[in-house]
Amino acid sequence: MPDDVLSNLGLAQATVATLGTVMIIGLGFLHRPSRSALLWSLAFVLAMTSTWVSVTGAILDDETVRRAGLGLMLGAPALIWSGFRARRGVAALPWIGVLQAVVTAVVFVSVVDISAYGLAFRLAFLAAAVFAGLTLAEMRHAADRLERMALPLAVVSAAFVALGAGILISGLSAPASIGDLALPRVLNGLAMLVFLVCATVSLLYFTSVSPSGRRAASAWPHFVVTASDRLRRAARAREESWAVLTVRLDDPQHLRSAAGENAWTRLVEDFERVVADTFPAEADLGRETRGRVVVVLARPDSVLREQVRTVLRRITELDGSSYVGIQLSASVGWVPAETGDFELSTLIAEADRAADEATRQGGDRWQRVRA
């Protein structure tokens, strides 16, 4: 196989890994920080770093550096698997991916004999494929495993397992040529390239929804940027159907002290799920503090009034018996966007004051600021 083909394939890998890292961190982890998103980001950082190390080794014609980069890269699938375990709420075991990357790199650098290196390469590739298979098994636990955006990673993980087994079997069936890695190296490069592309697509989806498969409130900085932009565009078009709502649990301090930290976290997750399910998919949801969600959306007053009534009713219907021995309720502050001249910070402040008034009146109600 010509060296320029392998070099171009390595550059393509490095480029895709770099773009994937930027997207997973910028659009995934920073958008909705979580332990799973952090582990997936680390997997892409490892893939990006290792591919550039491998490319550097190829450019310098230094086989030791190239092998070290290749070995480090094979630890990335294990970190992706760890991310799915963290998303499921079980022990993530990220040290396995780190250990695999380090051990594989050390073995690749240490082995001198060509036949021994060929066997080590095939076994290491199969080990990485095993974690791709474990990732596929973890995805079966996800409520959103059948969503279209989850399918690229599922398909490429299954193909990765088949390819890993095929590369090892082909080597063992012809021991005399087990050190000939021309074709396996190309297949490895193509497999990792496709794996990174598919993983980027699917993992960006998984970071955008909660483990239950439902839409989650955005991290506050991202929400502020997105919602402010929407309101500015609405102001230029003079669209009068936009509104900002503050939806918050009544008496959150009492609920938190009565429920305890763990139960309070689960209660807040149920509350946010109800809010996300009630309002339309195009609504922007932001959470600055737990127990309070800000909603920015465009709907006629009559439709929005019904949605507000629905969210209040569904919150009172939440089964809070496992958290606290009191009835759950919420208050909603509702402000038409034109009231605050489509300025997000002003509208949120007005919505908070309206929610305060609803709470003072006993809670489980909404208060609308008149334009």
Side-chain angles (χ1 to χ4, degrees), residues 1-21 23-24 40 43-55 57-58 66-84 97 100-101 103-105 107-108 117-139 150-173 177-203:
M1 187 63 60
D3 289 340
D4 59 342
V5 173
L6 294 174
S7 178
N8 291 335
L9 187 57
L11 285 173
Q13 263 187 329
T15 302
V16 170
T18 302
L19 291 175
T21 301
M23 295 175 69
I24 290 294
W40 292 331
F44 270 80
V45 169
L46 176 61
M48 176 187 69
T49 304
S50 60
T51 50
W52 281 114
V53 169
S54 184
V55 168
R66 191 194 68 79
R67 286 187 181 187
L70 180 59
L72 290 172
M73 178 171 34
L74 294 178
L79 284 176
I80 292 178
W81 166 74
S82 296
F84 276 99
Q100 183 184 25
V103 170
T104 305
V107 170
F108 281 6
Y117 176 71
L119 179 61
F121 175 88
R122 295 170 194 270
L123 288 173
F125 191 79
L126 179 63
V130 166
F131 283 100
L134 291 175
T135 296
L136 185 59
E138 280 296 324
M139 291 176 66
L151 292 179
L153 182 57
V155 172
V156 78
S157 295
F160 201 152
V161 174
L163 181 61
I167 286 178
L168 179 61
I169 293 171
S170 65
L172 295 178
S173 62
S177 61
I178 196 170
D180 182 7
L181 296 177
L183 181 59
R185 281 179 61 186
V186 173
L187 293 177
N188 167 269
L190 290 173
M192 291 303 295
L193 184 64
V194 175
F195 184 82
L196 288 172
V197 172
C198 294
T200 301
V201 173
S202 294
L203 294 182

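Heavy atoms only: backbone and side chains are in, while hydrogens, waters and symmetry mates are out.
- Between the side chain of Thr51 and the backbone N or O of Met48 there is at least one donor-acceptor pair closer than 3.5 Å.
- Under the 4.5 Å side-chain criterion, counting only non-hydrogen atoms from C-beta, Leu153 is in contact with Phe195.
- Here CE of Met139 is found 10.5 Å from CD1 of Ile80. Values are rounded to the nearest 0.5 Å.
- Atom CG of residue Leu19 and atom CD1 of residue Ile24 lie 11.5 Å apart, to the nearest 0.5 angstrom.
- The two atoms that bring Ala129 and Val161 nearest to each other are O-CG2, 3.2 Å, heavy atoms only.
- Counting heavy atoms from C-beta on, the side chains of Leu46 and Leu72 come closer than 4.5 Å.
- With sequence neighbours left out, the side-chain hydrogen bond (donor to acceptor under 3.5 Å, both in side chains) criterion links Thr49 to no other residue.
- Leu11 has its side chain within reach of Trp52: a pair of non-hydrogen atoms, C-beta onward, lies under 4.5 Å apart.
- For Ser157 against Ala132, the heavy-atom pair with the smallest separation is CB-O, 3.4 Å.
- Side-chain atoms of Thr200 come within 3.5 Å of backbone atoms of Leu196 as a donor-acceptor pair (strictly under, hydrogens ignored).
- Across Ala158 and Leu136, no two heavy atoms sit closer than the pair CB-CD2, 4.1 Å.
- Across all non-hydrogen atoms, the minimal contact from Ala47 to Ser50 is O-OG, 3.0 Å.
- Here Arg67 contributes atom CZ and Tyr117 contributes atom OH; the two are 5.0 Å apart, rounded to the nearest 0.5 Å.
- The main-chain N or O of Ala58 is never found under 3.5 Å from a side-chain atom of Arg66 such that the two would form a donor-acceptor pair.
- Between Trp40 and Leu79, the closest side-chain pair of non-hydrogen atoms is not below 4.5 Å.
- Scanning for ring pair (Phe, Tyr, Trp, His ring centres under 6.0 Å) contacts around Phe125 gives Phe160, with sequence neighbours left out.
- Across every non-hydrogen atom of Gly97 and Ala78, the tightest pair is CA-CB, 3.5 Å.
- Closest approach of Gly75 and Ala101 over heavy atoms only: CA-CB, 4.0 Å.
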